[in-house]
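As structure tokens, the structure follows; a few thoughts come after it.
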Amino acid sequence: MKSLKLYQLFFLRLIFIMISGGLGVYALAKGLPYSAIFCIIVCVLLMAELFYFIRNTYLFYDKTITAILSDDFSADFSRHSDFENYKNLFKLYDTLKARQHEQLTKDLVYRSILNNIETGVIILNKTNEEWNVFLMNDYFSQHFQTPRVSHWKYLKKQLPALCSIIEERKFEDFRVSAQIRIDDEESQTYMLQTSGSVTFGQKYYIILLDSIQKVVAKKEKDAWINLMKVISHELMNSITPIRSLTQNLNELTQQETLSEEDMNDIRESVNTMIHRSDHLQNFIESYRKLAMLPSPNKERTELTKLVNNTLLVMTPLLKKAGITINNEITETYWLMVDANQMEQVFINLLTNSMYALEDRENKIITLTAEVRQERTFITISDTGLGVDKEIEDKIFLPFFTTRKDGAGIGLTLSKNIVDAHGGYLNYKSSNEGSSFTICLI
């Protein structure tokens, strides 16, 4: 019976009811009243059994569907697994149960990620024209000292400054910096970014808050760590041999008599110490140049005049190295810059290109300029190989150099000068060569 379908079981019950009813009528017609009464009782019992069969089947389906709709997958239907009638129902139940477990796992992972990032995250959900707080991560709750509220109106009472900015922009997508004060603390600057989306008819609004101070502090810390690594490396390279030579000289001076060979050792040791001391002094002088860079004295300057003055200084050196200069800056571009500092930038970049072309047969340096979006882009490109991709992000670090005799401050100094002018210096490498682009307003 377990292998029969519901319609087959229902049809068999109808047949038994019709047979028992027919036998009752037949017995009554033959004058067999007791047999007729018995058949009628059997017919009534079969009809009652059919009623309970239909009711139990409906209740089982209803109970299972209600559990699915309520996301309640705790029921155990293993004792009904042999029933062929419920096979597809159990398959649907198990499939939805597995999907729920998978979704719960994903939600757990996503919430864990959101709760461990140092960015304030709030996700709003719009229901009946009102915004509700769908999710608030731990960082937002702890950093802004806000309880996990469920409605926008409650969040507005906790952070009126933030909520007023969003309401003024009518919950549209935007990106802006905002000053937010927490209790009696000093106001901090945050990068506020919002975006809306609609999923299956549900409106969501995502709010992200990043503390600019923390981002800047982290970058400053990373820069100081990199700088200290370079400084400590240079200091150790000079101090270690000086200390070793000093110990050697101390041992020599303890002798009662000094041979000619000992005197030669002393002379070599002293010369080496002087050489390393000079290197250390040059290193410190280079650091002083970076640290004591004066603010630019900006004046209205014509670019072609600036470039020509630089080429007057560099052309003899470039010709000696066999390098061809293509100066394609012919139009008039006016800049508000410190002419002396910008000339130093051009000299540093041309010198860098000159060393990059040392081992190349085709030695060409090209200077170009163009104006886009109220900004002037000056590009100095060469046909050199450039630097490896692995160290591209290190070329502007103080004292980082790939040349044996390099000080490692040329590009750093150039970048600092361009930054002080409100622009930026960018490096790009390709199969055809490498180039530095200066962007100035």
Side-chain angles (χ1 to χ4, degrees), residues 223 227 230 278 281-321 323-357 364-382 384 395-401 403 405-428 434-441:
L227 180 59
V230 174
D278 290 341
Q281 184 176 358
N282 292 334
F283 174 79
I284 295 172
E285 180 65 22
S286 298
Y287 178 77
R288 189 185 68 83
K289 287 181 181 179
L290 289 176
M292 302 298 291
L293 181 67
S295 299
N297 182 22
K298 297 181 183 180
E299 294 180 350
R300 193 166 184 267
T301 307
E302 210 275 306
L303 179 59
T304 53
K305 181 180 179 182
L306 199 62
V307 172
N308 290 333
N309 290 340
T310 305
L311 292 179
L312 284 175
V313 177
M314 293 298 298
T315 297
L317 295 174
L318 295 171
K319 284 185 176 179
K320 185 178 180 181
I323 297 172
T324 302
I325 290 287
N326 291 335
N327 181 14
E328 299 179 3
I329 304 176
T330 55
E331 295 185 26
T332 301
Y333 300 98
W334 290 96
L335 305 171
M336 287 298 295
V337 295
D338 186 318
N340 292 327
Q341 289 189 3
M342 289 309 300
E343 281 184 19
Q344 183 63 52
V345 171
F346 291 146
I347 290 172
N348 290 342
L349 296 180
L350 288 171
T351 302
N352 190 80
S353 294
M354 185 174 67
Y355 283 108
L357 294 169
I364 300 173
I365 296 177
T366 305
L367 287 80
T368 59
E370 62 175 330
V371 175
R372 298 195 309 268
Q373 299 176 350
E374 298 183 357
R375 286 171 170 79
T376 303
F377 295 86
I378 307 157
T379 302
I380 299 176
S381 57
D382 58 61
I395 62 172
F396 293 113
L397 288 177
F399 313 113
F400 178 83
T401 181
R403 302 201 313 266
D405 58 343
I409 67 164
L411 291 179
T412 307
L413 186 61
S414 300
K415 185 177 185 303
N416 289 353
I417 291 173
V418 176
D419 288 346
H421 281 76
Y424 64 82
L425 176 61
N426 184 45
Y427 172 78
K428 185 178 180 181
S434 58
S435 63
F436 286 91
T437 301
I438 303 167
C439 174
L440 296 169
I441 297 175

(message) When you measure from the side chain of Tyr333 to the backbone of Thr376, do you find a donor-acceptor pair of N or O atoms at a distance under 3.5 Å?
(response) no
(message) Looking at Lys305, is its backbone amide N or carbonyl O close enough to the side chain of Asn309 to form a donor-acceptor pair, meaning the two atoms are under 3.5 Å apart?
(response) yes
Give me the atom names and distance for the closest heavy-atom approach of [X] to [Y].
| X | Y | answer |
| --- | --- | --- |
| Leu303 | Leu335 | CD1-CD1, 3.9 Å |
| Ile365 | Leu318 | CD1-CD2, 4.1 Å |
| Leu440 | Ile378 | CD1-CD1, 4.3 Å |
| Ile347 | Thr351 | O-OG1, 2.7 Å |
| Tyr424 | Asp419 | CA-OD1, 4.1 Å |
| Gln341 | His421 | OE1-CE1, 3.5 Å |

(message) Regarding Asn340 and Gln344, do their side chains bring together a donor and an acceptor under 3.5 Å, going by distance alone?
(response) no
(request) I would like to know whether Ile323 and Asp382 meet side-chain contact (heavy atoms from CB on, under 4.5 Å); could you show each step before the answer? (result) CA-CA 10 Å; Ile323 297 172; Asp382 58 61; over 6 Å; no
So, do [X] and [Y] sit near enough that their side-chain heavy atoms are less than 4.5 Å apart?
| X | Y | value |
| --- | --- | --- |
| Leu350 | Leu311 | yes |
| Phe346 | Leu367 | no |
| Asn308 | Asn327 | yes |

(message) Name the residue from Leu306, Asn348, Val337 that meets the side-chain contact (heavy atoms from CB on, under 4.5 Å) definition with Glu343.
(response) Leu306
(request) Assign the ring pair Phe436 / Tyr427 to parallel, tilted or perpendicular, where the plane angle (0 to 90°) is split at 30° and 60°. (result) tilted
(request) Could you walk me through whether Thr301 and Met342 pass the side-chain contact (heavy atoms from CB on, under 4.5 Å) test, one step at a time? (result) CA-CA 10 Å; Thr301 307; Met342 289 309 300; over 6 Å; no
In Å and rounded to the nearest 0.5 Å, what is the [atom1] to [atom2] distance from [X] to [Y]?
| X | Y | atom1 | atom2 | answer |
| --- | --- | --- | --- | --- |
| Ser434 | Asn352 | OG | CG | 7.5 Å |
| Ile380 | Ile325 | CD1 | CD1 | 8.5 Å |
| Asn326 | Ser381 | CG | OG | 8.5 Å |
| Ser435 | Asn426 | OG | CG | 8.0 Å |

(request) Mind checking side chain to side chain contact (heavy atoms under 4.5 Å, CB included) for Leu317 and listing every partner two or more places apart, or none if nothing turns up? (result) Met314, Met354
(message) Quick one, Met336 with Arg300, criterion side-chain contact (heavy atoms from CB on, under 4.5 Å). Give me CA distance, side-chain angles, the key distance, then yes/no.
(response) CA-CA 5 Å; Met336 287 298 295; Arg300 193 166 184 267; 3.8 Å; yes
